[in-house]
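Numbers for residues simply follow the sequence, beginning at 1. These figures come from a predicted structure and were not determined experimentally. Any value given below was found using the heavy atoms of this structure, including those in side chains, with hydrogens, waters and symmetry copies removed.
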Amino acid sequence: PLLERLVEFDIISLPQDPGLRRKLSDFHINDRDTIRREYIRRGPCQPREHDFPRKSKRRFIPNWFDRFPSWLEYSKEKDAAFCFVCYLFKSDTLGKETFVVEGFKTWSKTDAFDKHVGNHMSAHNNALRNFDVFIKQKSSIISCFESYSNEVKTAYVIRLETSIEALRYICLQGLAARGHDES
């Protein structure tokens with residue numbers, strides 16, 4: 001579907017409460033980085049002074065914000081916990097949507113926070129790596145390349161094109177691409 005582009009006012013009026021947010025994939029692809037930057041500027045929604053409602057003798061505990069300060073969010077609207085970095089960077093095909101769309105509400109099962117973080121290859125940790133890369137864009141290859149002079153860029157492009165042509169020739173001849181010492 002054709003998604004409508006956002007204007008500056010729309011960016012400023014994005015809801016802070018994670019329970020009221022639209023999925024990032026619902027926005028136009030060219031607006032997503034701008035939306036990410038705005039939410040990163042605001043930081044995770046952590047209403048520490050809120051009077052968290054009790055449901056069946058259990059409730060959200062504000063100390064959990066101290067335990068997971070970089071990603072845990074709370075929605076007053078849905079009385080649910082959300083993951084800030086997963087909202088911004090989680091792949092739609094990986095992991096469950098509990099901490100992104102519906103929100104986590106089972107306060108008696110606090111081990112779910114640790115399960116959400118998971119191992120080093122979990123959907124959450126992949127989103128966290130993407131978050132770090134997004135924050136450190138000045139160290140990306142594109143940023144480094146942009147800082148070079150035109151003379152250096154031209155020399156780099158010539159070397160790159162020559163390497164690609166050599167690889168094409170090797171592939172067309174059916175030869176192995178290897179070094180000079182069989183290692």
task: Give the C-alpha distance, both sets of side-chain angles, the deciding distance and a yes or no for side chain to side chain contact (heavy atoms under 4.5 Å, CB included) between Phe134 and Ile40.
output: CA-CA 10 Å; Phe134 188 79; Ile40 290 169; 3.6 Å; yes
- request: Please confirm whether Arg21 makes a cation-pi placement over Tyr87, using NZ or CZ under 6.0 Å from the six-membered ring centre and within 45° of the ring normal.
  value: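 Pair Arg21/Tyr87 counts as cation-pi.
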field: Qualifying residue, where the test is ring pair (Phe, Tyr, Trp, His ring centres under 6.0 Å) with Phe60 and the options are Phe104, Trp107, Phe82
entry: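 Of Phe104, Trp107, Phe82, ring pair (Phe, Tyr, Trp, His ring centres under 6.0 Å) with Phe60 is met by Trp107 alone.
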Give me the atom names and distance for the closest heavy-atom approach of [X] to [Y].
X	Y	answer
Arg67	Asp114	NH2-OD2, 2.7 Å
Pro47	Lys76	CB-CE, 3.5 Å
Trp71	His124	CG-CE1, 3.6 Å
Phe52	Pro62	CE1-CG, 3.3 Å
Arg32	Leu24	NE-O, 3.3 Å
Lys105	Ala80	CG-CB, 3.7 Å

- prompt: So, are Arg36 and Asp33 salt-bridged, with charged N and O less than 4.0 Å apart?
  reply: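 So Arg36 pairs with Asp33 through a salt bridge.
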field: NZ/NE/NH1/NH2 to OD/OE distance under 4.0 Å, Lys136 and Asp132
entry: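 Looking at Asp132 together with Lys136, the answer is no, because their closest N to O distance does not fall below 4.0 Å.
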Gap separating the [atom1] atom of [X] from the [atom2] atom of [Y], nearest 0.5 angstrom:
X	Y	atom1	atom2	result
Ser70	Phe68	OG	CZ	9.5 Å
Thr162	Leu167	OG1	CG	11.0 Å
Leu72	His116	CG	NE2	9.0 Å
Leu128	His120	CG	NE2	13.5 Å
Ser75	Glu102	OG	CD	13.0 Å
Phe84	Phe99	CZ	CZ	16.0 Å

query: Run the side chain to side chain contact (heavy atoms under 4.5 Å, CB included) check on Thr110 and Trp64 step by step: do they pass?
result: CA-CA 9 Å; Thr110 58; Trp64 292 337; 3.1 Å; yes
Is it the case that over 12 heavy atoms from other parts of the model lie below 6.0 angstrom from the [atom1] atom of [X]?
X	atom1	result
Glu38	CD	yes
Asp51	CG	no
Glu151	CD	no

query: Which is it for Arg129 and Asn125 under the side chain to side chain contact (heavy atoms under 4.5 Å, CB included) test, yes or no, and what are the steps along the way?
result: CA-CA 6 Å; Arg129 278 189 289 279; Asn125 284 318; 4.0 Å; yes
query: Under 4.5 Å between side-chain heavy atoms, hopping through other hydrophobics if needed: is there a path connecting Ile164 to Tyr156?
result: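 Yes, same cluster.
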field: Leu20-Leu14 co-clustered via ILVMFWY side chain contacts under 4.5 Å
entry: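 No, no single cluster joins them.
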Please confirm whether the backbone N or O of [Y] pairs with a side-chain atom of [X], one donor and one acceptor, at under 3.5 Å?
X	Y	value
Gln16	Gly43	yes
Glu73	Cys45	yes
Arg58	Thr106	no
Asn130	Lys90	no

field: Partners meeting side-chain hydrogen bond (donor to acceptor under 3.5 Å, both in side chains) with Glu165 (sequence neighbours left out)
entry: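 If we apply the side-chain hydrogen bond (donor to acceptor under 3.5 Å, both in side chains) test to Glu165, skipping adjacent residues, the hits are Arg168.
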task: Establish, from distance only, whether the side-chain atoms of Tyr74 and Asp79 form a donor-acceptor pair under 3.5 Å.
output: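 The answer is yes; a qualifying pair exists.
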field: Residue pair Asp66, Asn63: steps toward the side chain to side chain contact (heavy atoms under 4.5 Å, CB included) verdict
entry: CA-CA 5 Å; Asp66 297 329; Asn63 291 342; 4.1 Å; yes
